[in-house]
A.B. asks: 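One structure coming up, written as structure tokens, with questions to follow.
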Amino acid sequence: MNSTTMPMTAHAAQAAARVERLLAHPRVADWVLLKGLGRLLVNHEPSAVASLRTSLLKMGASSLPAAALPAMAKVLTVTRRMHEGALSAAREGRPVAWITWPVPAAVVAAFPVLVYCPENFYSVANASGGDGSTRLCELADRHGVPTDICSINRCMLGAFLGDELPPPQLCITANHPCDGNHAGNTILRELAPCPHFSMGAAYDRSPQSVATWARSVWEMIAFLETQLQQPIDWLAVERHARLINRLNKALNHVTELHRNAPAPRLINALAVFWRMVAAAAWEPELADGAELLEEAAVSLVERARRKKAPREPLRVVLGDQAITWTDFSAWIWEEYSGSVVSDYIGHFCHPPIDTSSKESMIEGLVLDRLHMSMIRQSHGTMEYTLDELTTALSEYDADCVLFHGNVGCKHNLALRREIEALCRSIGIPALFLDADIVDRRLIGEQALRQKIKKFLADEGLPR
Amino acid sequence: MIDVVCDAGARYVKLALARPGETVRVLSAHAQDAVDLSLFAQRALSALNPGRLEAVRFYRLEEDLAERPSLLARVRAVSPLRRWAPMQQLESKAVWLKCLSLLDQEALLLDAGALRCRVFERLQGGTKLRVVENERCTAGGGRFVELMTQTLGVGLEDLDLTVSAATKPALLSSPCPVFAESEVVSLLNAGSQREDVLAGVVNDVVDKLLALLGRAQLGQRPVYLVGGLGRWQCIRSRLEQQGIRLLEELLDPLFVPCVAGLMQVQQRRQWARIEV
Amino acid sequence: MSATLAELLSRLEQRSRLELNAHARLAHAHSRPAVGVLCAFAPPELIHAAGAQPIRILSHGYQRAELGNPYFAATHCSLVRRVFDMATSGYLADFDGIVLSTGCDHSRRVYDAWRHAECTPRAVHLLHVSSDSSATAVAALEAELERLSVFLRELTGHKFGDSELSRSIAIFDRQRTLFEAVYRHCARLDSPLSGQQMLQLSLVMSSIPVEESVSILEALLEALSGATAQPQSEARRELRFFLASGHFEQVERMALIERHAGRVVQELMCTGAGQHLGRVDTTLPPMRALASRSLRRLSCPHAADELDRRFAFILEGVQAGRCDGVILDRLSFCAIWAAEAFVFRRRLRARGIPVLELEGELGSLGEGQLRTRLEAFAESIRNATSTT
Amino acid sequence: MKPSYVMGIDIGSLSAKGVLLADGQLRAQFLRGALFSASASIDAVVDGLCRQAKLPRQAVEAFCLTGYGRFQAPFEALEKSEIACHALGAWTCDTALRSVIDIGGQDSKVIALDERGGVLDFAMNEKCAAGTGRALELLAKALGVEVEQLGPLALGQRSSWRKLLVDWALGLFPQVFVDRALGLFPQVFVDRALGLFPQVFVDRALGLFPQGCWGSAGAGERIRISSRCSLYMELDVLQLRREGVAREAIAEAIVEAVVERVLSLASRVPLQQPLCLSGGVAKNAGVVAALERQLGYAPTPLAFDPQLLGALGAAHFAARSLRHD
Ligand SMILES: Nc1ncnc2c1ncn2[C@@H]1O[C@H](COP(=O)(O)OP(=O)(O)O)[C@@H](O)[C@H]1O
Ligand SMILES: Nc1ncnc2c1ncn2[C@@H]1O[C@H](COP(=O)(O)OP(=O)(O)O)[C@@H](O)[C@H]1O
Ligand code: SF4
Ligand code: SF4
Ligand code: SF4
């Protein structure tokens, strides 16, 4: 396999490199990317820059404060390196270990393998145009991948079938938190046969569950040691854990700072971090970037306070997994001067990892993963989701909450009534969009925006 | 001056037009036959014999289905009516609130159309509107009933009669109306009666409406049913059987939204008489 | 067919039509609390040892369209939708408690909805089950079973220890041994039992007291030892199938398959082989042993790492039963069954075993569509065998 | 000697078809819309064929029924699934065929054939009706044309040089500028200006440009119809029309979406060449073209009405049954 069989990855790597270069000059980048293109692309999709559009919107486009650019540059470095690593590993046949989101990847990364997270591929695909992930879903459909599976996983399978993934030497999956992962992994294992380790699933975050998971991780370490014929590098694990602690501390703080009115509008930046945290949380640049972001957030809040800036006319909470092929925050900013103050994905509330012993580190890394967005809300009883939503709605001074309502996400679909009742009791209006978060064939961007517009008008928002 | 309000739905385009204070004329057409709304409006207008210089205001009920109309469409939309004013969007919130305020008690409004079913609720003394909408793949609205009657060879007009003759409603649970067609064919082959199958279809549709009302936390409040489904007695009585308190129909439910729009535009205080 | 066998089978058929709440009432008549179990993860032994009667919650016989609840949408699994409707409509009021498990996204949310809607019975417990069967998962389930015991003790007021548990295990294992004998018998070319009758047997076994099902099984085996069906001539031979199905409660569907395609001689269904095969390892401490069986039996696709074993079981069944093909049947909207079907289809195809994939929902049969598929499948198999 | 007559009858969900063979040679064929009851349809087909061949009914030695209505035969007849019949029917037309894609009214199937026209393997659509003739009918109706016109309309889109030209021109001229430019003039002026010309002229002038290229999807971009659900597809079609997208473009999007649906079946039964299309939808030239485009090769054309292939296969089954007896 060579790099020409991974056109989407190659494209994403190039694009990341280009933007990274631009970000070296934050001021220019601010004008060109955020204020220029960013504003233009909110409402238009000219084919010449279509491939940039989704990535830019996901970053927040014109709603992203320029102060965040240095941090974004760091994330981009990690992103580019990940793409390039995948390309070169595929080219040179270096060992690759596939992981899925809930696997404490920092432990795997303490072995000499390239850690790769195929579940993230939707974002790679969308870097080559807003319909990249949709095309992969189509490809998966063509190969008979059942449509009952959540499209994030169908997209991952499409990527495999389209030869977009570096071939794995090992595969470590956790059938957690949802049927989508479970089903996607089942098929992936069949299509890409290689030694495989499955972590099972703990249902909640009780001490027993965490202990169970930790035990699985120990088993995983043993598995990796036999497979790679190499002992785990505990120093690396510790280094990773410390870096993750730095990262989490900063990003938790950035999340919290959005309680301020006006909010620093860095939710999108957080979501961008999330994607890399899923795949490469232990990279030093990521921790550096997180701290830069924290700095930016603090100064933004400070400046707003100094200037006595008024509260935004509209504060929006995104209550579930955001659509991957477009983003609304720039549009909300342009259209209503509103900001997104809390998001299901860009919400960091990770506990610190205790690095004092191997055991405590493993437990800490497990708990860290269980606190990762998407995983955090998808396990446990409905209270896990409802409590978090209650916090977001009541403490972040929200005006309304939008749910993208991923059609393939069955456990969230079953919560809809309770969520509606909760919003009603708190007195915050909620909108369900019924979109597919990866496959844009179901309902398009314009229709979604129209829905939001109408909803806001009905509710008399912005105030 | 004449006001025209157009409600372009998924299956029917509905029109209400009147001079202020006069009886309202209503008119409907299949959506595929009235794609050009302004043309349709113009045809309808001629029935009122507008004077040469009489102003006409043309409104369209804002729909969230509408995407950004293309340049040409925008030009097209105004051109047939260019002697008068261009088509205006009528904010739907105001219309639904108007509709709710015209009811003499606090009720929920259930708009059950061809594909989409929604429940509207008035909050905070009428300044806010809360909407609960069905999910996309529960296409159990009027379109489902239409397709089934077609498959079974029953006229839409005869639906009520047919359903009332049912003795043992069939159980259908295919969520997809199009596919349910073949299920229905096999039910018939297995000896089910047409009446029973149709009653099953109606029960199915009502079940979905009930789920929607459940999500809207209906409680003890009454419901005002509008939209095409409200035209059928069988739907209404089935809802009532299930313990829903329905308000009496004031006018043809199909036209309630556009007539309410007209009431809103002309600032009328009560429902006008309508004439088809 | 001997008279006693015919009698036995017709009695079985009648009982399989009995409604769920009737079973619960019967349990009460014997002054035993009735505990419903939605998926087969909760070991029946534990409930039995607590002095209650385990009854598998199934929705056959429930006559209501089930779309009218605001919790589960039309795109949720129909089993879950129907069961939840049963819970809200008071159909399960005769039960004393319910045990649910985290089998899939649909079923685990039943627990949440149950607590928030007005469901009966109120006593409901959620069993956390990992989606694999590693030693870690077994240990975790063991701890979970301890929690379940507490729930059961509170529910029944009946204290029980390891000795009661061992006794329960012994009797359930006896049942399993007997069931296995019947199941093996079905694989024989001259077996008079049809797939439909096997399903009826399984359904009855999942809802009546274990002591009774042991005696039914004994009688059945005795009757079977004498009876054999007419051997068929090779040309007019009925086709024989292996059925792996998520429609594990629909006798009519099984009947339809047998009418239009051929006899189902071996199966992997969550009420049949999946629930009743595989004994408890008595060398382990009882709780550990139960946890281990619960995860490692041939269940639904929930245990991801047992997929190869399930597939091996299908292959064995195909061989033992001299099956002409495999039918994979599943409930619509279930992602994990769909994924497993994808894998099995590929593997079966690679081995040249004909395979038919079906899907559908509980509550409606869709006979016309099924029939076309089944007949075409049978025809294609006949074609293939006549050319070779 | 008197030839031996056999009849194959295919009662589908939408249409009833029949073929009469005399000593294996085609004698008569018949097609009509399905009647409400299957047995009435069967009778109608039998009568129709007999009338054409000027034969009494008793002269027919064997009948074979297929399609959804086959279970309701009012007389003794062989029954075969439509999958087997379409396979055999296609094979008798061209024995080299290895796959058949049958798109009928209610279902679509992909069939793999063996060397003797038997079914090796097949896949059939489940659950969603979005890839069937019925869906095409609904969508054609929403488009305001008959289903027969849908194909030519979709093809029209392809060959329009004007579209290519305008696409190209507009590609240079991003929509933004158009919007901005238009925004400069208040709507009234535009109206006034247009008002000066009689409507006909305006329409004529605008008609020079196919509407599709002005569509909201943006110039040059292929419009899409969400291929997930036929009912929502219907709504999409309507919406696109209201936006002023050209019918040709919509028609093309429709057939593309339907073909996409059908081809997802092909994953279960790998398609082998040569391949042919059967069922009523095979008459839709747009579908054939879209299929060719998506497959990368052309389906083999047959010298027989594809909609009648099922009935033809059934007739051959009837003839075989005579030989066996
Ligand atoms: N007499 C009637 N003729 C036609 N359709 C009717 C009639 N009565 C009720 N309907 C139903 O009304 C539905 C359309 O309702 P409507 O409110 O216009 O929906 P929408 O606004 O979504 O188009 C049709 O699907 C049909 O089922
Ligand atoms: N002349 C035609 N041109 C295009 N499409 C046609 C034509 N005739 C029939 N069709 C299509 O064929 C479908 C009917 O196919 P058919 O094979 O007869 O279905 P069935 O066997 O289920 O009755 C119709 O839904 C229509 O879409
Ligand atoms: S969206 Fe839902 S079903 Fe899909 S991967 Fe996320 S949690 Fe799983
Ligand atoms: S065609 Fe049917 S199953 Fe498919 S999306 Fe529409 S309503 Fe749902
Ligand atoms: S069939 Fe699938 S979705 Fe339904 S309860 Fe079983 S595992 Fe869950």
Side-chain angles (χ1 to χ4, degrees), chain A residues 143-150 153 173-191 196-204 206 208-209 211-216 218-219 378-383 385-386 407-418 420-421, chain C residues 69-73 75-77 80 84 101-106 108-113 115-117 126-137 139-141 143-144 147 295 301-305 307 330-347 357 359:
Chain A
H143 282 83
V145 172
T147 46
D148 289 316
I149 299 177
C150 162
N153 295 284
T173 55
N175 296 322
H176 185 92
C178 60
D179 287 359
N181 288 158
H182 187 303
N185 292 342
T186 300
I187 294 182
L188 196 66
R189 282 197 298 268
E190 183 70 10
L191 294 177
H196 172 265
F197 183 84
S198 164
M199 294 214 3
Y203 177 64
D204 57 14
S206 63
Q208 297 93 301
S209 290
T212 304
W213 265 66
R215 226 175 301 147
S216 298
W218 284 104
E219 285 170 14
S378 317
H379 61 206
T381 55
M382 70 161 68
E383 282 73 15
T385 310
L386 296 186
V407 290
C409 191
K410 299 295 157 81
H411 58 90
N412 266 356
L413 187 60
L415 292 187
R416 182 166 294 187
R417 181 179 180 283
E418 284 307 314
E420 262 167 3
Chain C
N69 82 70
Y71 285 90
F72 293 97
T75 47
H76 278 117
C77 157
V80 161
F84 187 69
S101 15
T102 61
C104 65
D105 282 350
H106 309 244
R108 74 182 161 100
R109 285 299 185 216
V110 175
Y111 175 69
D112 291 318
R115 289 174 301 137
H116 286 256
L126 181 72
L127 190 70
H128 299 184
V129 195
S130 178
S131 62
D132 64 347
S133 64
S134 62
T136 310
L141 185 58
E144 271 299 301
R147 277 202 327 124
L295 285 175
H302 177 73
D305 51 355
L307 181 132
R330 67 172 195 269
L331 290 176
S332 304
F333 308 113
C334 174
I336 55 183
W337 272 90
E340 186 165 278
F342 178 92
V343 171
F344 285 173
R345 180 181 71 220
R346 273 171 63 103
R347 292 190 180 177
E357 248 187 282
E359 74 171 86

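Letters A, B, ... mirror the listed sequences (proteins, then strands); counts begin at 1.
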A.B. asks: Answer whether the closest heavy-atom distance between the side chains of A/E383 and C/D112 falls below 4.5 Å.
C.D. replies: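 In contact.
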A.B. asks: Show the nearest heavy-atom pair for residues C/R108 and A/G380, with the distance to one decimal.
C.D. replies: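 The pair with the smallest heavy-atom distance is NH1-O, 3.7 Å.
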A.B. asks: For each of A/S198, A/C178, A/A174, tally heavy-atom pairs with chain C at distances under 4.5 Å, and name the one with the top tally.
C.D. replies: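 Of A/S198, A/C178, A/A174, A/C178 has the most heavy-atom pairs under 4.5 Å with chain C.
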A.B. asks: Below 4.5 Å, heavy atoms only, C-beta onward: do C/V343 and A/T186 meet side chain to side chain?
C.D. replies: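 The answer is yes; the side chains approach within 4.5 Å.
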A.B. asks: Taking all non-hydrogen atoms of both residues, which atom of A/A414 and which atom of C/H76 are closest, and how far apart?
C.D. replies: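 For A/A414 and C/H76, the tightest heavy-atom pair comes out as N-CE1, 3.6 Å.
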A.B. asks: With distance as the sole test, does A/H411 use its side chain to make a donor-acceptor pair with the main-chain N or O of C/R109 at under 3.5 Å?
C.D. replies: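 Absent.
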A.B. asks: Taking it one step at a time, do C/Y71 and A/E418 satisfy side chain to side chain contact (heavy atoms under 4.5 Å, CB included)?
C.D. replies: CA-CA 8 Å; C/Y71 285 90; A/E418 284 307 314; 2.6 Å; yes
A.B. asks: Rounded to the nearest 0.5 Å, how far does CG of C/D105 lie from SG of A/C150?
C.D. replies: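 It is 9.5 Å, given to the nearest 0.5 Å.
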A.B. asks: Is it the side chain or the backbone of C/I336 that comes within 4.5 Å of chain A heavy atoms, both, or neither?
C.D. replies: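 Both parts, backbone and side chain.
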A.B. asks: State the CG-OG1 distance between C/D305 and A/T173, to the nearest 0.5 angstrom.
C.D. replies: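 Rounded to the nearest 0.5 Å, the CG-OG1 separation comes out at 9.0 Å.
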A.B. asks: Mind checking the CZ-CG spacing from A/F197 to C/D132? Nearest 0.5 Å is all I need.
C.D. replies: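 Spacing of CZ (A/F197) from CG (C/D132) equals 8.0 Å.
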A.B. asks: Is it the backbone or the side chain of A/S206 that comes under 4.5 Å from a heavy atom of chain C, or both, or neither?
C.D. replies: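 It is neither, since no heavy atom gets under 4.5 Å.
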A.B. asks: Do C/E144 and A/T212 touch side chain to side chain, with heavy atoms closer than 4.5 Å?
C.D. replies: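 Heavy-atom side-chain distance check fails, nothing below 4.5 Å.
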A.B. asks: Do you know the tightest heavy-atom contact between A/P146 and C/A339?
C.D. replies: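 For A/P146 versus C/A339, the nearest heavy atoms are CG-N, 4.2 Å.
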A.B. asks: Is there a side chain to side chain contact (heavy atoms under 4.5 Å, CB included) between C/H128 and A/Q208? Walk through the geometry before answering.
C.D. replies: CA-CA 11 Å; C/H128 299 184; A/Q208 297 93 301; over 6 Å; no
A.B. asks: Ignoring hydrogens and angles, tell me if any N or O in the side chain of A/K410 forms a donor-acceptor pair with the backbone of C/T75 under 3.5 Å.
C.D. replies: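 Judged by distance alone, yes, a pair lies under 3.5 Å.
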A.B. asks: Would you call A/T381 and C/R115 a side-chain contact if the rule is heavy atoms closer than 4.5 Å?
C.D. replies: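 A side-chain contact under 4.5 Å exists here.
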A.B. asks: Look up atom OG1 in C/T102 and atom NE2 in A/H379, then write down how far apart they are to the nearest 0.5 Å.
C.D. replies: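 Interatomic distance, C/T102 OG1 to A/H379 NE2, rounded to 0.5 Å: 12.0 Å.
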A.B. asks: For C/A304 and A/R189, which heavy atoms make the closest approach, and how far apart are they?
C.D. replies: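 Closest pair (atom of C/A304, atom of A/R189, distance): CB-NH2, 3.5 Å.
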A.B. asks: If I measure from the heavy atoms of chain A, does C/C334 come under 4.5 Å with its side chain, its backbone, both, or neither?
C.D. replies: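 Contact with chain A: backbone only.
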A.B. asks: For residues C/H116 and A/M382, determine if any side-chain heavy atom of one lies less than 4.5 Å from a side-chain heavy atom of the other.
C.D. replies: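 Yes, side chains in contact.
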A.B. asks: Would you check if A/E190 and C/F342 make a side-chain contact, meaning some heavy-atom pair closer than 4.5 Å?
C.D. replies: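 In short, these two side chains do not touch, never coming nearer than 4.5 Å.
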A.B. asks: Using modelled atom types and a 3.5 Å cut-off, is there a donor and acceptor pairing between side-chain atoms of A/D179 and backbone atoms of C/C104?
C.D. replies: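 Judged by distance alone, no pair lies under 3.5 Å.
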